[in-house]
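Everything quoted here is computed from the prediction, not taken from an experiment. Convention: sequence-line order gives letters A, B, ...; per-chain numbering from 1. Atoms considered below: every heavy atom in the structure, side chains included; atoms not considered: hydrogens, waters and symmetry mates.
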Amino acid sequence: MSPRIDDVLEVAINAYDDVIRRSCDLQRTLARVLGFEPARSILNTTADLTRDVAAVQLSGARWLLDS
Amino acid sequence: MTGLHWESTGTGAPVLLIMGLGLSGGAWWRTVPVLSRSLRVITFDNRGVGRSRARFHSYTIEAMADDAVSVLDAAGIEQAHVYGFSLGGMVAQQLALRCPGRVRSVVLGATHAGGPRAVRPGDDVIAFFRRRASLPAKQAARASVAFNYGPRCRREHQDRIAEDIRRRLAHPFPEQAYRAQMFAAALHNCYRRLERIEAPTLVVHGRHDRVVPVGNAEILAERIPGAELRILEDSGHLYSTEQPEVDVDIARFFRSVG
């Protein structure tokens with residue numbers, strides 16, 4: 001993989017990582033603001049799932065990039 | 001619901017200790033008395049281990065880093081020194097990358113950056129850790145000695161090894177949590193992002209570590225800006241058992257950062 005493509009892919013992966021983090025933060029903030037069940041639990045659970053599914057995707061993408 | 005058990009010992013600048021595969025926060029029993037002479041030491045049981053519970057039996061290092069942040073929040077700590085050992089070192093890397101403002105400094109003990117550039121252990125080590133969860137606790141603890149400790153400790157400090165095993169068997173870990181932590185460790189990959197770690201960092205590793213080969217410490221120290229590297233020449237993976245004086249140096253490192 002040429003260094004330029006490598007750099008572009010890394011930027012894209014990091015950007016996706018940031019988007020996921022902000023999405024999780026937003027869901028957790030909403031959960032706190034709403035503060036009633038089941039909305040709070042559902043939002044916290046979806047935030048956790050978003051983080052963990054993205055972690056698997058990001059790990060795979062970074063693995064390919066490092067190979 | 002994920003519920004985390006944590007404990008606080010001592011007073012002073014806060015230090016969060018993050019333990020490795022399958023072990024509870026109580027496994028820091030050699031380190032806590034040393035660090036807590038001058039620091040406030042926070043230990044906790046990782047999700048699914050000891051007295052902590054997990055909502056799902058599928059973990060990621062990112063989730064475990066969020067757990068560490070939750071412990072800091074619960075303890076009322078805005079920023080802490082962080083010391084992660086083995087799997088806990090992977091969590092510490094994630095924590096330093098995801099929440100740089102919460103991390104004053106980092107000690108990465110016997111850990112690796114993950115990804116394809118990580119130096120892999122031998123096939124016999126991998127095979128053992130894969131089947132370890134299905135072994136009876138006592139048999140697994142005894143069989144792991146050859147992998148966890150360096151030759152000198154196995155020769156000269158059988159008493160220390162016996163004490164480690166006795167304490168470990170007092171808090172056996174569930175197979176599901178062990179497998180979930182193995183899964184999380186397999187996904188771990190911070191290699192390319194290590195250069196973004198801003199916190200002062202000390203990398204500590206045993207020369208004879210068979211679980212996480214010492215080449216991984218060299219990678220971490222090379223890629224983290226300004227990182228110090230301390231190789232313990234007489235130690236294997238569980239270096240705090242083999243060379244307990246290292247905890248004094250680690251406390252000194254934290255104090256030097258302030």
* Asked: To the nearest 0.5 Å, what is the distance between CD (Glu62(B)) and SG (Cys24(A))?
  -> 10.0 Å
* Any side-chain donor-acceptor pair under 3.5 Å between Asn189(B) and Ser59(A)? -> no
* Check: Arg196(B) and Asn14(A) side chains under 4.5 Å, non-hydrogen atoms -> yes
* Asked: Would the number of heavy atoms belonging to other residues, nucleotides or ligands and lying under 6.0 Å from CD of Glu198(B) be above 12?
  -> no
* Does atom CZ of Arg223(B) have more than 12 heavy-atom neighbours from other groups under 6.0 Å away? -> yes
* Is a side-chain N or O of Arg117(B) found less than 3.5 angstrom from the main chain of Asp66(A), in a donor-acceptor match? -> yes
* Backbone of Glu10(A) reached by a side-chain donor or acceptor of Arg192(B) within 3.5 Å -> no
* Asked: Can you tell me if CD on Gln57(A) sees more than 12 non-hydrogen neighbours from other groups inside 6.0 Å?
  -> yes
* To do: Could you tell me whether Asp18(A) atom CG has more than 12 heavy atoms of other residues or ligands within 6.0 Å of it?
  => yes
* **Side chain, backbone, both or neither of Arg51(A) within contact of chain B (heavy atoms, under 4.5 Å)** => side chain
* Nearest heavy atoms of Ala186(B) and Trp63(A), plus distance in Å -> O-CZ3, 4.5 Å
* Evaluate the side chain to side chain contact (heavy atoms under 4.5 Å, CB included) criterion for residues Asp17(A) and Arg193(B): first the C-alpha distance (whole Å), next the side-chain angles of each, then the deciding distance (0.1 Å), finally the verdict. => CA-CA 12 Å; Asp17(A) 197 356; Arg193(B) 290 171 292 156; 3.6 Å; yes
* Structure fact -> Only residue of Thr60(B), Leu187(B), Asp66(B) satisfying side chain to side chain contact (heavy atoms under 4.5 Å, CB included) with Asp52(A) is Thr60(B)
